[in-house]
Amino acid sequence: LFLCLLGIAAILVIRSEIGCLCLFLACLLIHMLAGNGGKILPYGLYYLIFYGIGWLGVHLMDSGVAFSVSSMLSSIGIVSRKVLVPLYLKGVDPILIGLAVTLILTLLIIALVYGFDRRCLAAVSGSFLGIVVTCVLGVIFTDLFQIHGAVMSSSESLLYSGYQHLDLTQIYMASIFLGASGAVMDLSVDITSAVYEVVEKRPDLDWREAVKSGLNVGRAAMGTMTTTLLFAYSGGYIALLMVFMAQGTPLDHMLNYKYVAAEIIHTVVGSFGLVTVAPFTALTAGRLLAGGKAKIPGKTVDKPASGV
């Protein structure tokens, strides 16, 4: 697997089919020297598949896009593996650490998409405001519904592994806005890009009109994004729903199960976060991109004062 990933990285960085072929032959040679010559055909097939994916990525995507995608995945993996999970295991406040990690990842990921400019500031501001609202609502509704963190999968195994000091309920609260942060970032980038394109075509546009355009885009996108959250969360519990159906469990009993209530909170609170991120992002994008000078890499557009 390491050699396959190395081959894909070499293709994306070197952008050379000859280099890819040399790496492919080197991998096969390593396997033969390691005494695995009998498995040379299946391993050769695996390498061809992985290198083919890398080759397609180079020819179908711009190199900057490929770099951004690989950097996003590595950033999420490194921060989660080396920062978030170890601090959770040490008993540090899960909500504060979750908010800090989410802000860092949001800034890194959106900066890889836009670069450090006003679009990045607008999208990050809107995203983080929506995530904060999701966090507050998650804490409130978890207390109101009296949900314990033990509803999370593998939580009991975690306690039996010697981590009885962990506050599972707070970890569950943090998981609500962590799970919704991807959809929140998606919507904020969509709105920011739409406002930017409108302002590019109409440099004389007033910031209020730009905000209104962003709200219209957000209103159209919120419905499908909410459905995305619903399918993502309910898909993991489809077997449980089938058990309820097979046993003829009444709907009111079904909704009162802690596992079902926890998933309802995930979906509803995440949807509320999406609803709030749209106006936040539209407002910040409108003010930053349509007010004064919009400083975009390589471009400086002078905006006349409103009413002129």
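We use all heavy atoms of the structure for the numbers below, so side chains are in, but hydrogens, waters and symmetry mates are not. These figures come from a predicted structure and were not determined experimentally. In this chain, numbering begins with 1 at the start of the sequence shown.
- Atom CE of Met254 sits about 10.0 Å away from atom CD of Gln247, to the nearest 0.5 Å.
- The distance from the NE2 atom of His253 to the OH atom of Tyr257 is 8.5 Å, given to the nearest 0.5 Å.
- The structure places CD of Gln170 at 12.0 Å from OG of Ser175, a figure rounded to the nearest 0.5 Å.
- Phe177 places none of its side-chain heavy atoms less than 4.5 Å from the side chain of Val184.
- Taken to the nearest 0.5 Å, the OG atom of Ser155 stands 9.5 Å off from the OH atom of Tyr160.
- Counting heavy atoms from C-beta on, the side chains of Thr276 and Phe272 never come closer than 4.5 Å.
- When every heavy atom of Leu187 is checked against every heavy atom of Ala221, the shortest pair comes out as CD1-CB, 3.5 Å.
- The shortest heavy-atom contact between Ala285 and Ala122 is CA-CB, 3.6 Å.
- At least one side-chain heavy atom of Leu168 sits under 4.5 Å from a side-chain heavy atom of Leu159.
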Please table the atom pairs, donor to acceptor, closer than 3.5 Å between any side-chain atom in residues 90-97 and protein atoms at least two apart or in another chain.
unit_1	atom_1	unit_2	atom_2	d
Asp93	OD1	Ile95	N	3.0

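- A single hydrophobic cluster is not seen to contain both Tyr259 and Val243; linkage of ILVMFWY side chains at heavy-atom distances under 4.5 Å, directly or through other members, places them apart.
- Glu209 CD to Lys212 NZ: the interatomic distance, rounded to the nearest 0.5 Å, is 4.5 Å.
- Minimum interatomic distance between Asp252 and Asn256 (heavy atoms only, all atoms of both residues): O-ND2, 2.8 Å.
- For the pair Arg119/Ser193, no side-chain contact is recorded, criterion being any heavy-atom separation below 4.5 Å from C-beta on.
- When the side-chain contact (heavy atoms from CB on, under 4.5 Å) test is applied to Ala220, no partner is found at least two apart in sequence or on another chain.
- Summarising the geometry, atom OG1 belonging to Thr249 is positioned 10.5 Å from atom CG belonging to Leu241; distances are rounded to the nearest 0.5 Å.
- The backbone N or O of Cys120 lies less than 3.5 Å from a partner atom in the side chain of Asp117, making a donor-acceptor pair.
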Exercise for the section: Just do the side-chain contact (heavy atoms from CB on, under 4.5 Å) check on Leu158 and Leu89 with the steps written out, would you? Expected result: CA-CA 9 Å; Leu158 182 62; Leu89 290 175; 4.0 Å; yes

Practice task
Could you check Thr281 against Val189 for side-chain contact (heavy atoms from CB on, under 4.5 Å), going step by step and ending with a plain yes or no?
Solution key: CA-CA 9 Å; Thr281 307; Val189 169; over 6 Å; no

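- Under the 4.5 Å side-chain criterion, counting only non-hydrogen atoms from C-beta, Leu289 is not in contact with Trp207.
- Using a 4.5 Å heavy-atom cutoff, the side chains of Ile265 and Tyr172 are in contact.
- Considering every non-hydrogen atom in both Ala174 and Tyr88, the closest pair reads CB-OH, 3.4 Å.
- Across Gly218 and Ile191, no two heavy atoms sit closer than the pair CA-CD1, 3.7 Å.
- When all heavy atoms are compared, the tightest approach of Val199 to Ala290 is CG2-CB, 3.9 Å.
- Taking 4.5 Å as the limit, every side-chain heavy atom of Leu251 sits out of range of all side-chain heavy atoms of Phe244.
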Side chains of residues 124-151: which donor-acceptor partners sit under 3.5 Å, not counting sequence neighbours?
unit_1	atom_1	unit_2	atom_2	d
Ser125	OG	Leu121	O	2.6
Ser127	OG	Ala123	O	2.8
Ser127	OG	Ser188	OG	2.5
Thr134	OG1	Gly130	O	2.8
Thr142	OG1	Gly138	O	2.6
His148	ND1	Ala150	N	3.0

